[in-house]
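See structure below.
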Amino acid sequence: MRAYRAKVVEPIHLPDRDEREANIEEAGYNVFNLDSEDVFIDLLTDSGTGTMSDEQWAAMMRGDEAYAGSDSFKRLQESVADVMGFENIVPAHQGRGAENVLYGVLVSEGDYVPNNTHFDTTRAHVVNNGGQPVDCPVDVAPDDPFQGNLDPEKVRELADEVGAENIPALVVTITNNSMAGQPVSVQNLRDAREVADEIDATFVIDACRFAENAYFVQQREAEFEGSSVAAIAREELSYADAIVMSGKKDALSNIGGFVGVRDDELFEHAKQRGILYEGFSTYGGLSGRDLEAMAVGLREAVTQPYIESRVEQVAELGDLLLDADVPIYAPTGGHAVYVKAEEFLPNIPREQFPGQVLVGELYREGGVRAVELGEFAFPGEDRPQLVRLCLPRRTYFREHLEHIAETFEKVGERRDELSGLEIVWEPPMEELRHFSAKLEPVE
Ligand SMILES: *Cc1c(COP(=O)(O)O)cnc(C)c1O
């Protein structure tokens, strides 16, 4: 059951079929090129696309826009201390700004940085500072309740191989975004803390989805049955020396981010780098009202009614899709449902982008915008052809989820008539091609 009701609404509109056909063709079969007003249900990302509460909007009116020493910053500081247990924070314009601040201070040329799985911006910031990102996920069993965990043995092996002195930081990303948003157990965070101590590395938690992770811990980790999500959230983060946060995720805001650190010297370094890249250390590239929205959003994120409806809505979409015979990655994670496009459209070969074909058809059939994470987004990588359906927070209702499932059914009925796609234009950097490349159906 949704634990909220609408007080402000935004009209959405399903263009008629002819318009949708024309729109997707004009977009070069790439949904990044669609205008949002032409999209009926937007599942492209849950980053900064959610709905703020009345309390967040009210707090924004109190935004103190002073360049230095703003009251809004103090309220954010208090909120982070209460909810996440970090007293020292450096604000940043969003998560990747926070990553630039922290990894720029921690990582240098020739270093190695292990992570359960690097999120793409994290990977880029490690590389940008001359480091080598190394993924150390557990080898998952299908019934494992914590498929996002780090494998501490892989970190020990890496340290033996490259020398512990070349590993400045160990990162654990909760939930594990690049592993379908799967959770990490508190026990795994304790194990990670232990390895970090053994190799004398700074233990960083990428906390962007810390509240979603805490909810999974409450549901699945025996020790925490009956604990509040707020208490689990603090416990999770208590093991870390530093955290990186995107306000666009579990601070329930449209923009913002910050770094949290315990060590005073590291704090000073991060603050200086923050001033250079983000802005003075009491605003970090944000307006006072953005700081206010995060301060309130963080507190809301760890309330049971909110987090339960958030994570359970993702599971609900997963169930509707399973009922419609759509192959999905199960169990669902914290923020999105991942569809196995190769199984759904078995006639389309990988070189003809089955995921991107499905994404185009979801728009054509139901005005639904999803995103491909397969051969089109990651050329030449041997990975499953997935389509991600991200649910923005507190935004859509049951009818919308039903519409999504019906759209899949309609696409499924026409699966034998669908043709593959080929790229007809792409930008110079292959890593960025899925944002702007244009495609056409194969003859
Ligand atoms: C979104 C995200 C980031 C980057 O945050 P932005 O606000 O998009 O810059 C980093 N790590 C994880 C796990 C994320 O989900």
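Counting starts at 1 for both ligands and their atoms, in listed order. Note that these values count all heavy atoms, side chains included, but never hydrogens, waters or copies made by symmetry.
Aromatic ring pairs are classed by plane angle as parallel below 30°, tilted from 30° to 60° and perpendicular above 60°; the pair Phe397 and His400 is tilted.
In terms of protein heavy-atom proximity, atom 3 (C) of ligand 1 is nearest to Phe119 CE2, 3.4 Å. In this structure, atom 11 (N) of ligand 1 lies nearest to the protein heavy atom Asp206 OD2, 2.7 Å. Among all protein heavy atoms, the one lying closest to atom 5 (O) of ligand 1 is Gly95 CA, 3.3 Å. The protein heavy-atom contact nearest to atom 14 (C) of ligand 1 is Lys249 NZ, 2.9 Å. The protein atom (non-hydrogen) at minimum distance from atom 7 (O) of ligand 1 is Ser246 OG, 2.7 Å.
Near Glu99, meaning under 4.0 Å from any of its heavy atoms, are these atoms of ligand 1: 10 (C), 11 (N). Counting atoms of ligand 1 from 1 in the listed order, those under 4.0 Å from a heavy atom of Thr173 are 13 (C). In the vicinity of Arg209, heavy-atom distances shorter than 4.0 Å reach the ligand 1 atoms 15 (O). Atoms of ligand 1 lying under 4.0 Å from any heavy atom of Lys248, numbered from 1 in the order shown and given with element: 7 (O).
For the residue pair Asn115/Thr173, the side-chain donor-acceptor check at 3.5 Å is satisfied.
Listed by chain and residue number, Val105, Glu265 satisfy the side chain to side chain contact (heavy atoms under 4.5 Å, CB included) test with His269 (two or more places apart in sequence, or in another chain). Scored by the side-chain hydrogen bond (donor to acceptor under 3.5 Å, both in side chains) test, Asn149 finds no partners at all (sequence neighbours excluded).
In this structure, of Val244, Thr45, Thr175, Thr121, the residue bringing a heavy atom nearest to atom 4 (C) of ligand 1 is Thr121.
Under a 4.0 Å N-O distance rule, the pair Arg220/Asp144 does not qualify as a salt bridge.
In terms of heavy atoms, Glu375 sits closest to Gln385 at N-OE1, 2.8 Å.
Contact annotation: for Arg96 versus ligand 1, heavy atoms closer than 4.0 Å belong to both the backbone and the side chain.
Taking CD of Glu308 as the start and CD of Gln219 as the end, the distance is 6.5 Å to the nearest 0.5 Å.
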**OP:** For salt bridge (Lys or Arg N to Asp or Glu O under 4.0 Å), just list the numbers for Arg190 and Glu235, CA-CA rounded to whole Å, side-chain angles, deciding distance to a tenth of an Å, and then say yes or no.
**Re:** CA-CA 10 Å; Arg190 292 180 184 137; Glu235 169 95 15; 3.1 Å; yes

